[in-house]
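Please read the structure below before turning to the comments.
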Amino acid sequence: MELRQIRYVMMVAQEKSFSRAAEKLHLAQPSLSQQIAKLEREYGVMLFHRLPQRVELTDAGNRFIQLANELIVKEDELEREMHQFAEGNAGRIVVGSLPITGAFVLPEAFSAFTKCYPRIEVTLIEETSSNLEQMLVHGKLDMSLLTMPIQHPALVTTPVLQEEIYLSLPPQHPLAKEQVVDLKALEEEPFILLKEGQGFRTISLLLCEQAGFTPKVVFESSNIQTVQALVASGMGVSFAPHMITGMVNGNVSPAYVHLSTHPSRTLVVASHKDKHLSTPMLALREEISKAGKQYSINPA
């Protein structure tokens, strides 16, 4: 059975005539009669009594019309809702984010986006970098805010911001008042880093490797604010991206000092290379990029 056949039956029932129904449907009458006869054979019931001057619905035909009306309503509803999705007036976008980083970039982006697309639901999932990558690969996220480098080859990226990475020192540290420090000078210091799976931990370890040493990690945390608080209390040294250097925990904050190599990190919006990004998704990605520019050392 096809929807067009349902509409044929409904028109014949309305007109009580095959000829008038065929005229309204812009069909030849024999063709219309054949289509309905085919449907009756398929179901094994007669839908119409063929009388000399008119046609009347059988009991089966009456029930057919009742159910057919429900199907047509559903079809119209389906068509309407699909148009809403196509026009960006309905739908859901699932966005992944690094917890602290997202707190800086996403609120402004989400606010601007919802003003343009008020009927699009945006769901935020905060996870570690490695988990976010896996969720993207397996289709559980539409896009995610991540730190480069990205490990999985199936993911494509759009740059959001590039920001300087600072050395984070206890306020009383002998190097805390220096303008620029060579990381090699910290080789014997205790380090406090993020836990495995965090993109910024990977960057931190790479910086130490480039300086020619492996850091002595004494504390690990899943929260970069906790890392900075531990540094401020004198428990060790660490690194900090520019955007969090203005965050103060209590009355004491770390001393943030430039590294001689002036390292930076790049944040991106990542998505699966095979995923089609709808117009609203592309608009949200653009708003995230705009929001990130204020933190970037290369705002253009």
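A side-chain donor-acceptor contact under 3.5 Å links H173 and E189.
Salt bridge status for E187 with K184: present, with a side-chain N to carboxylate O gap under 4.0 Å. Ion pairing between a basic and an acidic side chain is recognised when a charged N comes within 4.0 Å of a carboxylate O; K216 and E188 show such pairing. For R50 and E56, the salt-bridge test fails: no basic side-chain N is under 4.0 Å from an acidic carboxylate O.
Side chains of I93 and E121 form no contact here, defined as non-hydrogen atoms less than 4.5 Å apart.
Within the 3.5 Å criterion, the main-chain N or O of M46 finds a donor-acceptor partner in the side chain of T58. R20 places a side-chain N or O within 3.5 Å of a backbone atom of E15 that can act as its donor or acceptor partner.
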Stepwise, does the side-chain contact (heavy atoms from CB on, under 4.5 Å) test hold for K275 with D142?
-> CA-CA 8 Å; K275 182 174 185 63; D142 294 309; 2.7 Å; yes
Checking side-chain contact (heavy atoms from CB on, under 4.5 Å) for the pair V122/L124: CA distance, chi angles, key distance, verdict?
-> CA-CA 7 Å; V122 179; L124 176 63; 5.8 Å; no
Stepwise side-chain contact (heavy atoms from CB on, under 4.5 Å) test for Y256 and S168 = CA-CA 5 Å; Y256 295 112; S168 177; 3.7 Å; yes
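Applying the ring-ring contact (aromatic ring centres under 6.0 Å, His included) criterion to H49, with sequence neighbours excluded, gives no partner residue. With sequence neighbours excluded, no residue satisfies ring-ring contact (aromatic ring centres under 6.0 Å, His included) with F110.
Transitive grouping of hydrophobic side chains (ILVMFWY, heavy atoms separated by less than 4.5 Å) keeps V180 and V237 in distinct clusters.
Around CG of D59, the count of heavy atoms belonging to other residues, nucleotides or ligands within 6.0 Å does not exceed 12.
Hydrophobic cluster of V268: the remaining members, joined at side-chain heavy-atom separations below 4.5 Å, are V94, L98, I125, L132, M135, L136, V137, L141, L146, M148, I150, L155, listed by chain and number.
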